[in-house]
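Positions are given from 1 along the sequence. What you see is a predicted model; the values in this text were computed from it and never measured.
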Amino acid sequence: MLNREILDILAGSKEWGWVLEPDAKRILSLSGLDVPQFTCTDRLNEAVEFAERIGYPVVAKVVSPQVVHKTESGGVMAGIENKIALAEAFHRFSGIEGFRGVLVEESLSGVEMIVGSKVDYQFGPILLLGIGGTGVEIYKDATLRMAPIREKDVTSMLRSLRAHRLLEGYRGAEPINLEKLTRNLMAFSALIMELSESVTSIDLNPVFCSPAGCVAADARIMLE
């Protein structure tokens, strides 16, 4: 069952038809998925305090109900190394339509993957796993399963990817944490089953996978 906080987030997001990223990441975290350390604020001093506490570099993103695709709108800045660069990002984002604040989060690294789901009219929730990041439409290396999935489905999905050797350790590189990837995918499958009557799609891209874990660096939830 969805808890009250998730239900309140969904209810409060109906006005614009999608869930703002800070709230989407709260939903993921409450559902057992790993997300970056982050804060959302409309005060520069709070953003700087947070960045200095977790350590630079950080990533900054605009938070606005008018901006679904932040990258295309110039609403994302990665690799911020100090408070001057963070202040510049804050100032630039504050001029974007519908500005509600800035999401500041830790920088991540690893193999970029995509995890997503669409709710099909006939078949219900369909879960996608693939190689993600900005090249997702170039590589087109993804696999689909009907939700809910089981652990053995995760193994099958990973083996279906052309780039699966990157995940298992290639040319001396350490393999990603397959146990945590599996745990996150199982939690995601359970979440989309719970939300199937409330959402049309969920996209996590990229999900940074490394030997340490798999963390959803970006999240978009579109409502029914």
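- Smallest separation of non-hydrogen atoms from A51 and L86: CB-CD2, 3.9 Å.
- With values rounded to the nearest 0.5 angstrom, I131 atom CD1 is found 10.5 Å from I114 atom CD1.
- Within the structure, salt bridge (charged side-chain N to carboxylate O under 4.0 Å, His left out) contacts touching residues 175-184 (residues at least two apart or in different chains) are D34-R183.
- When side chains are defined from C-beta on, V115 does not count as touching N184, because their heavy atoms never get closer than 4.5 Å.
- Of all the heavy atoms in V35 and S29, the pair that sits closest is CG2-CB, 4.1 Å.
- L20 and F90 fall into different hydrophobic clusters, defined by Ile, Leu, Val, Met, Phe, Trp and Tyr side-chain heavy atoms under 4.5 Å apart, directly or through other members.
- Within the 4.5 Å cutoff, the side chain of T155 has no heavy atoms near those of the K152 side chain.
- If you check the side chains of R220 and S201, you find no donor sitting under 3.5 Å from an acceptor.
- Side-chain heavy atoms closer than 4.5 Å link hydrophobic residues (I, L, V, M, F, W, Y) into clusters, and following such links, even through other members, never connects V76 to L44.
- Residues G110 and S210 come closest through the heavy atom pair CA-CB, 4.4 Å.
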Exercise for the section: Take V207 and E112 through the test side chain to side chain contact (heavy atoms under 4.5 Å, CB included) and record every step on the way to the result. Expected result: CA-CA 6 Å; V207 176; E112 294 183 53; over 6 Å; no
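- Cluster annotation: L108 is not connected to L181 through the hydrophobic network of ILVMFWY side chains, with a link wherever side-chain heavy atoms come within less than 4.5 Å.
- M157 is not listed as a side-chain neighbour of L161, based on a closest heavy-atom distance of 4.5 Å or more.
- In terms of modelled atom types and a separation under 3.5 Å, the side chain of D203 and the main chain of S117 share no donor-acceptor contact.
- The shortest side-chain heavy-atom distance between R159 and E168 falls under the 4.5 Å cut-off.
- Atom NZ of K70 sits about 10.5 Å away from atom CD1 of I96, to the nearest 0.5 Å.
- Linking Ile, Leu, Val, Met, Phe, Trp and Tyr whenever their side-chain heavy atoms come within less than 4.5 Å puts I202 and L33 in one cluster.
- Nearest heavy atom pair, residue F50 against residue V104, reads CE2-O, 3.3 Å.
- Counting non-hydrogen atoms of other residues, nucleotides and ligands closer than 6.0 Å to CD of E151 gives a total of 12 or fewer.
- Minimum interatomic distance between V154 and M186 (heavy atoms only, all atoms of both residues): CG2-SD, 4.4 Å.
- Hydrophobic clustering (ILVMFWY, side-chain heavy atoms < 4.5 Å, transitive): V199 and W16 are in one cluster.
- By the 4.5 Å heavy-atom criterion applied to side chains, P125 and M193 are counted as neighbours.
- In this structure, the side chains of I221 and S13 stay at 4.5 Å or more apart for every pair of heavy atoms.
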For residues 53-66, dump all side-chain donor-acceptor pairs below 3.5 Å to protein atoms at least two apart in sequence or in another chain.
{"residue": "Y56", "atom": "OH", "partner": "K83", "partner atom": "N", "Å": "3.3"}
{"residue": "K61", "atom": "NZ", "partner": "E21", "partner atom": "OE2", "Å": "2.8"}
{"residue": "K61", "atom": "NZ", "partner": "E105", "partner atom": "OE2", "Å": "3.3"}
{"residue": "K61", "atom": "NZ", "partner": "A217", "partner atom": "O", "Å": "2.8"}
{"residue": "K61", "atom": "NZ", "partner": "D218", "partner atom": "OD1", "Å": "3.2"}
{"residue": "S64", "atom": "OG", "partner": "Q66", "partner atom": "N", "Å": "3.0"}
{"residue": "S64", "atom": "OG", "partner": "E97", "partner atom": "O", "Å": "2.6"}
{"residue": "S64", "atom": "OG", "partner": "G98", "partner atom": "O", "Å": "3.3"}

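- Among residue pairs with one or both ends in residues 123-134, none qualify as salt bridge (charged side-chain N to carboxylate O under 4.0 Å, His left out); sequence neighbours excluded.
- Side-chain atoms of D141 do not come within 3.5 Å of backbone N or O of G130 as any donor-acceptor pair.
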Problem - Step-by-step side chain to side chain contact (heavy atoms under 4.5 Å, CB included) determination, V102 to T41 - result: CA-CA 6 Å; V102 175; T41 180; 5.6 Å; no
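- L28 CG to L204 CG: the interatomic distance, rounded to the nearest 0.5 Å, is 5.5 Å.
- When side chains are defined from C-beta on, V19 counts as touching L223, because their heavy atoms get closer than 4.5 Å.
- Going from atom CG of L127 over to atom CD1 of I192 covers 8.0 Å, rounded to the nearest 0.5 Å.
- Counting only N and O atoms by type, the side chains of S94 and R92 include no donor and acceptor under 3.5 Å apart.
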Practice task
Under the side chain to side chain contact (heavy atoms under 4.5 Å, CB included) rule, what do L178 and L158 come out as? Steps first, then yes or no, please.
Solution key: CA-CA 10 Å; L178 293 174; L158 291 171; 3.8 Å; yes
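- If you take OG on S189 and CD1 on I149, they are separated by 4.5 Å, rounding to the nearest 0.5 Å.
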Exercise for the section: Carefully, step by step, assess F93 and M77 under the rule side chain to side chain contact (heavy atoms under 4.5 Å, CB included). Expected result: CA-CA 10 Å; F93 294 166; M77 184 178 292; 4.2 Å; yes
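- A heavy-atom distance below 4.5 Å is found between the side chains of K25 and F38.
- Of all non-hydrogen atoms in P36 and V215, the two that sit nearest each other are N-CG1, 3.3 Å.
- Between C209 atom SG and L167 atom CG the span is 7.0 Å, to the nearest 0.5 Å.
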